[in-house]
Amino acid sequence: MHIMEGFLPVTHAIGWGVACLPFIAHGVKTLNRQVKERPEQRMLLGVSAAFTFVLSALKMPSLTGSCSHPTGTGLGAILFGPTAMAPIGVVVLLFQALLLAHGGLTTLGANVFSMAIVGPIAAWLIFRGGRALRLPFGVSVFLAASLGDLLTYVTTSVQLAMAFPDPLGGFKASLLKFLGVFALTQIPLAISEGLLTVIIFNALRRFNPKELQELDIKGVQG
Amino acid sequence: MNTRTNLILLLAVVALVVLPLKLVKRPTPGPDGQEVEIFLGADDQAKEMVSRISPTYKPWARPLITPPSSEIGSLLFALQAAIGAGFIGYYLGSRVTRAKLAREAAGNS
């Protein structure tokens, strides 16, 4: 669930947009290099984008009695690096903002920052960390994808709390309120996203060990 | 082994979706007798929260295109999921076949 059109003050909207730019630029550079060096990886990149397309379209019910959707960005981050999902996230979020009135153009920067930058970078770091600690492959993928998902929505809550601090309790009180809306709702969905990412990775590893090897992902073969 | 693991994981996801539907009870209607809606989007709740925290805030932009009804909205979301799932299905299908052909070729030589 993204921040709705018009629901961030102008300065915040612009600020988040600017904050996204270096990450998007780095992501485009990374993707260009990878596709140039190994054109056969284009299909796998397509799969990462497609996975985000599917998962961010699935609005699922949560125990809080409201609905939200996963992000699907962990897969691409693990496969192609921490900033690779930034440009892909822009495409997905533009599609939803333009056609579905979900999210918005004025909040695009903030939404890209949470879903396509913070989430994937967290997922990538957690995956690397998990493998460094010798956690099993599946466990590392699960933790990376689910926590990346959760942190996306923690970021959304922070963004809204910064824009709308509580008149009495300030930023902190406001943050707790937005966390209650977004992060709490997201917990079961984050678990689902972790499980779904493990499933797709299992399938990819089974039929495609060679392409994954070429990507040289630390610990994928473990 | 792999297939079975995936099947179990998939069942867990289904359980995570079904459980809230079973566990969350619809609150009793308020004094106006209107049914309370549940399983609305978290973004709608956030919208409410914003108007409660700063009642004077006016959204300064509106979506360019709003789906004319929730039915059309779900059509577009289904389309988005179908495009993604279609691609993933095509990719996995082609790789399964490739792996099978490679195995057969190795077996014949």
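Convention: sequence-line order gives letters A, B, ...; per-chain numbering from 1.
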S.K.: Do the side chains of V54(A) and F87(B) get nearer than 4.5 Å, heavy atoms only?
M.R.: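 Side chain of F87(B) against side chain of V54(A), heavy atoms only: no contact under 4.5 Å found.
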S.K.: In terms of heavy-atom proximity below 4.5 Å to chain B, should S56(A) be classed as side chain, backbone, both, or neither?
M.R.: both
S.K.: Below 4.5 Å from any heavy atom of chain B, which atoms of S192(A) appear? Answer side chain, backbone, both or neither.
M.R.: both
S.K.: Side chain, backbone, both or neither: which part of R52(B) has a heavy atom under 4.5 Å from chain A?
M.R.: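 Neither; nothing under 4.5 Å.
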S.K.: Please classify the contact between L10(B) and chain A as side chain, backbone, both or neither, with a heavy-atom cut-off of under 4.5 Å.
M.R.: both
S.K.: L189(A) versus chain B, heavy atoms under 4.5 Å apart: side chain, backbone, both or neither?
M.R.: neither
S.K.: A13(A) versus chain B, heavy atoms under 4.5 Å apart: side chain, backbone, both or neither?
M.R.: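 Contact with chain B is through the side chain of A13(A) alone.
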S.K.: Decide side-chain contact (heavy atoms from CB on, under 4.5 Å) for L100(A) and Q80(B); before the verdict, give the C-alpha distance in whole Å, the side-chain angles of both, and the deciding distance to 0.1 Å.
M.R.: CA-CA 10 Å; L100(A) 299 167; Q80(B) 186 190 328; 3.7 Å; yes
S.K.: Between S54(B) and chain A, with a heavy-atom cut-off of 4.5 Å, which part of the residue counts as in contact: side chain, backbone, both or neither?
M.R.: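 Just its side chain gets close to chain A.
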S.K.: With only heavy atoms counted, which part of P165(A) is less than 4.5 Å from chain B, the side chain, the backbone, both or neither?
M.R.: backbone
S.K.: Could you check if a side-chain atom of I53(B) sits within less than 4.5 angstrom of a side-chain atom of F178(A), using non-hydrogen atoms only?
M.R.: yes
S.K.: For a 4.5 angstrom cut-off between non-hydrogen side-chain atoms, does L63(A) reach P20(B)?
M.R.: yes
S.K.: Can you find a pair of side-chain heavy atoms, one from R95(B) and one from M43(A), that are under 4.5 Å apart?
M.R.: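 Yes, side chains in contact.
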S.K.: For K177(A), is it the side chain, the backbone, both, or neither that has a heavy atom closer than 4.5 Å to a heavy atom of chain B?
M.R.: both
S.K.: With a 4.5 Å limit on heavy-atom distance, are the side chains of F95(A) and L76(B) in contact?
M.R.: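 F95(A) does not reach L76(B) side chain to side chain.
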S.K.: Using a 4.5 Å cut-off on heavy atoms from C-beta on, say whether the side chain of R206(A) contacts that of T3(B).
M.R.: yes
S.K.: Among T185(A), L160(A), L196(A), which residue forms the greatest number of heavy-atom pairs with chain B at distances under 4.5 Å?
M.R.: L196(A)
S.K.: Would you mind telling me which of L23(B), L16(B), D43(B) has the largest number of heavy-atom pairs within less than 4.5 Å of chain A?
M.R.: D43(B)
S.K.: Hey, can you tell me if F77(B) and H102(A) have their rings parallel, tilted or perpendicular (30° and 60° cut-offs)?
M.R.: perpendicular
